[in-house]
**Student:** 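Before we start, here is the structure in question, set down as structure tokens.
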Amino acid sequence: MTAVIDVHELTRRFGRFTAVDAISFDVKAGEVFGFLGANGAGKTTAIKMLIGLLAPTSGRASVAGFDVLTRAEDVRRRIGYMSQRFSLYEDLTVRENITLYGGIYGLTDAEIRGRGDALIDELQLGHASVERVAALPLGWKQKLAFSVALLHRPAVVFLDEPTSGVDPITRRQFWEMIYAAAARGTTVFVTTHYLDEAEYCDRVSIMVDGRIGALGTPDELKREYGDATLEEVFVRLARPAA
Amino acid sequence: MRALRFLLRKEFLQIFRDHVILGMLFVMPLVQLLILANAATFEVRSARLYLVDHDHTPMSRGLTDRLAASGRFVPTAASPSPARADQAMLARETDAILVVPAGFERDLVRDRRAEVQFILNAEDGAAAGVLQSYAGRIFAAYSAELSARMTPTLASIGARAELPPRRGRPVIEIRRRGWYNPELEYLDFMVPGILVVLVTVVGTLLTAMNIVREKEAGTLDQLNVTPIRRSTFIAAKLIPLWSLALLDLALGLALAHFAFGVPVRGSLALIFVAAAIYLLAALGIGLWISTIAETQQQAMFVTFSIVMIYLLMSGLFTPVRGMPVWAQWAAQLNPVTHFIRLMRGVLLKGAGPADVAPQLAMLMAIGGAVLTLAVRQYRKRAA
Amino acid sequence: MNTTALAAFMTKEVRHILRDRQTLTILLLLPLAMVVLFGYALRSDVNEVRLALVDPAPDYATAALRGRFAGNDRFRIVATTPTTARLEPLFRRGDVDVAIAFEPGFAARLAQGTPARLLLISDASDPNTGSTMQAYAGAVIAGYQAELGSAGGAVQIVSRTRMRYNPTLESVNLFVPGLIALVLTLVSALMTAISLSREKERGTLEVLLVSPLRPWQIILGKVLPYLLLAFVNVVTALLAAWVVFRVPFRGSLALLLVASMLYSMVSLALGVLVAAVTTSQRAAMIGALVGTMLPNELLSGMIFPISSMPDWLRPVTVVVPARWFIVIARGIMLKGVGLEYLWQAHLVLLAMLAVFLVAAIRSFKARLA
């Protein structure tokens, strides 16, 4: 299987502080990859480098087959992103947000309409689709943001703590949507603090102090550290650093 | 370019749904114009005059009467004590003091020359200077009147006056004209300046705050991750505000002309072309500010400070030629300087394209430079 | 009274301010920059008058007058032309300020004793400088005429004019008080409004309101650091004005500082009020801008004299706090007077402080109800 995300010795320094220290890993097509780590371990910095918001200090990475530094525009066309802070336009309606992002990613008017309708159906938004996004409850907003990120059928979608603050039922629905996307061939790169969710991933990595402390399937890691849950593995690895 | 269309739609939707921005675009400038048009004048209404007359002769009274008759000075108090007059001025009860010394009439008749003391309250500045020239003219007119009275018929010479007959005395008669503003209306001078302020603030402040708002909300990151090009994004941000600023200018001009009678002697098309070019610089500065500010508060603060400084240094309310040389050079780099000169030229003097060509050229150069620098500064990816 | 809580709160506020380096730098440097820049650049005087001469029939008199102007530093002759046709374009382009058009036969008429006419045209689009330049030109002409006329000529009433409190009509002396007011408003009203409304928006204000801190303590804690900053600004501005421009300081420094703090507190109270009644940070910013900065610049007498304003507008200025501060500041700096003349203005400011403060505290209490 081809590596759809390929990271090699990726480093980022801010002055004398090294936020990301020569990390290397890869993610295969169609995988649901959990990118874990304590707060301040360097996760967000790493993601920002992969999606082209931050330039690496050294090392290289390629996403969807293109180098993030030199072919950034090609990368951007093939990825979707859902940021930690909700990032759809609150003062626009659901429809208007869909139309905007569809247009930005180059979908035709027909595609925008068609996929937009499908999205609204799937989320069961109904007449809420003409309401401003600000009026939706948080869970719906998150699901909407995710769907919009997938609108242009990217090869990879990056999700930064997509389920923060969301109730358990919505979280479960969210992960069903993630699996559905993965089944369609989209690679999902997700960070989360909910380690019970991390168990759903195909593989996870745990960042500690800018480095990759552990990498493997949830079962592999649990066996390696002799813990019953990923949470225990996480705490074991992350605590000395905290 | 299709992406641009979608982005523009979003921008306009957001602007028209935002009451605060709409208020700033349409309500605030017009209110400002209304207030400024009424408040922004250095014209001096009647000044209170305190008389200290030590002469008490027909000529000294004549002088006072002339001052009062001019309508500019209102005698409100009189006393023999200069000290009391000073007190009155300290207490802001009078604006001017006229001290006529004893022997005023005698000196005038005998030596054809007499002195008076005229004290003005210069606390508020400009008013004092204006009052001085009013008074000066009244003194001169009275002097001339006295000259005429005391000269001609030898028969009327009383015992005191001995005047050589005068014939062929050289007299230069000055006819004064104030071009473009014969009524000396401050409004005509101020309003173009005010309009420039409006357009500048709207353009620069709103651009900066608009972009920083997205930065704060996180939607800017979302856009930076998409394949839209930097130039597309910037165009989408600038075009709506550019067109709305022009609309604002049109409204302001209409109000100025129809409500305040400010003349429009030149070509409106020329003004809008110039405004369109000028706005490139104004918006460019807003764009540049948005790259250095992290929060809307910072954006507003920085914009406000910068705009205030370069507005005042541009000859808006005080003449550029009154500034020291270094400031005059700086003013040449300031797009407002050229725009305001162009505006006043076209509105008040009927200047045409040939007349304002130098200003247009400078506006294009500065606008182009500022915009280029700002666009370069804006990066989708942080280094 | 919970003094430790208040102290902790104030420490946090100070840290906040110190951390925003950008804003802090501007806040500290702005008064300095403004005083220096405006002091040098904002003058109403005219250094150089560009003169155009229209002389259809040059003779010794017109030549003499020309010489007068050429030799006068204040004037620069930019064009000499035989007809008035060229004048229009010159004026339109803004290349000339004043034009003198001689009548043909000028010298001959002078010798005969009949009035020799000339036209003195000034660009009056700026009425102020227009009149000034005309007056300068008129003075040169009058000087020439006086020389021509023998003794025993016209009657002259000579006025010795004194400009009280500001003998040289230095613009900088006038606007320094206004500048101080501006800076104080910026720091006090604007920054307070923004800071408070930001807490409100973030929700951290609610946490504070639920804490043992009383509303007035919260307001005090928010407000004191800015008061300190304002004080620093006033001192900086005054220092700059004195060092660079020798702006006079005839009265009591202590009284001025006290008045500055009083005005600052009024602005702070206004800022708090604005934050209390607006619902978002942006609205607070705009509200503070419109409600404080704008009236301060336009209606306080800082730039445009109140005595020049139309009758209906003048009463409105009474509610502008800066107006009273400027009276006080100008009184102290230029006239050297003290409370005996300024007590009324101080009283008004105190009254405003009370009103705004009460309104602000009331509206914060309402949040808890």
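Note: hydrogens, waters and symmetry copies are ignored here, and every other heavy atom, side chains too, is used. Since the model is a prediction, treat every value here as computed from it, not as a measurement.
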**Student:** Has B:Trp242 got more than 12 heavy atoms of other residues, nucleotides or ligands less than 6.0 Å from its CH2?
**Tutor:** no
**Student:** Mind ranking A:Ile79, A:Asp74, A:Thr57, A:Thr99 by heavy-atom pairs under 4.5 Å with chain B and telling me who comes out on top?
**Tutor:** A:Thr99
**Student:** Is A:Asp91 salt-bridged to B:Lys10, going by a charged N under 4.0 Å from an acidic O?
**Tutor:** no
**Student:** Side chain, backbone, both or neither: which part of A:Phe86 has a heavy atom under 4.5 Å from chain B?
**Tutor:** backbone
**Student:** Go through A:Gly103, A:Ala149, A:Gly102, A:Gly106 and name the one with the most non-hydrogen pairs under 4.5 angstrom from chain B.
**Tutor:** A:Gly103
**Student:** Check whether more than 12 heavy atoms from other residues, nucleotides or ligands sit under 6.0 Å from atom CZ of A:Arg153, and answer yes or no.
**Tutor:** no
**Student:** Measure A:Val148 against the heavy atoms of chain B and call it side chain, backbone, both or neither at under 4.5 Å.
**Tutor:** neither
**Student:** Determine the minimum heavy-atom distance between B:Asn224 and A:Arg76, stating which atoms define it.
**Tutor:** O-NE, 3.0 Å
**Student:** Donor-acceptor check, side chain of B:Arg9 to backbone of A:Leu100, threshold 3.5 angstrom: yes or no?
**Tutor:** no
**Student:** Distance-only, no hydrogens or angles: does the A:Arg77 side chain make a donor-acceptor pair with backbone N or O of B:Thr226 under 3.5 Å?
**Tutor:** no
**Student:** Report the distance from atom NZ of A:Lys48 to atom CG of B:Asp221, rounding to the nearest 0.5 Å.
**Tutor:** 5.0 Å
**Student:** What are the two closest heavy atoms between B:Thr219 and A:Leu88, and how far apart are they?
**Tutor:** CG2-O, 3.8 Å
**Student:** Any sub-3.5 Å donor-acceptor pair from B:Arg2's side-chain atoms to A:Leu107's backbone N or O?
**Tutor:** yes
**Student:** If you count the non-hydrogen atoms of other residues, nucleotides and ligands that lie under 6.0 Å from CZ in A:Arg95, is the total more than 12?
**Tutor:** yes
**Student:** To the nearest 0.5 Å, tell me how far B:Leu223 CG sits from A:Ile104 CD1.
**Tutor:** 5.0 Å
**Student:** Which bit of A:Arg132 comes within less than 4.5 Å of chain B, counting heavy atoms only: side chain, backbone, both or neither?
**Tutor:** side chain
**Student:** Could you check whether A:Glu90 pairs with B:Arg17 (Lys NZ or Arg NE/NH1/NH2 to Asp/Glu carboxylate O, under 4.0 Å)?
**Tutor:** no
**Student:** Please report the closest heavy-atom contact between B:Phe6 and A:Asp109, naming both atoms and the distance.
**Tutor:** CZ-OD1, 3.9 Å
**Student:** For A:Tyr81, is there any backbone N or O sitting under 3.5 Å from a side-chain donor or acceptor partner on B:Gln222?
**Tutor:** yes
**Student:** Counting neighbours of CZ on A:Arg13 that are heavy atoms of other residues, nucleotides or ligands and sit closer than 6.0 Å, is the number greater than 12?
**Tutor:** no
**Student:** Is there a donor-acceptor contact under 3.5 Å linking the side chains of B:Glu214 and A:Tyr89?
**Tutor:** yes
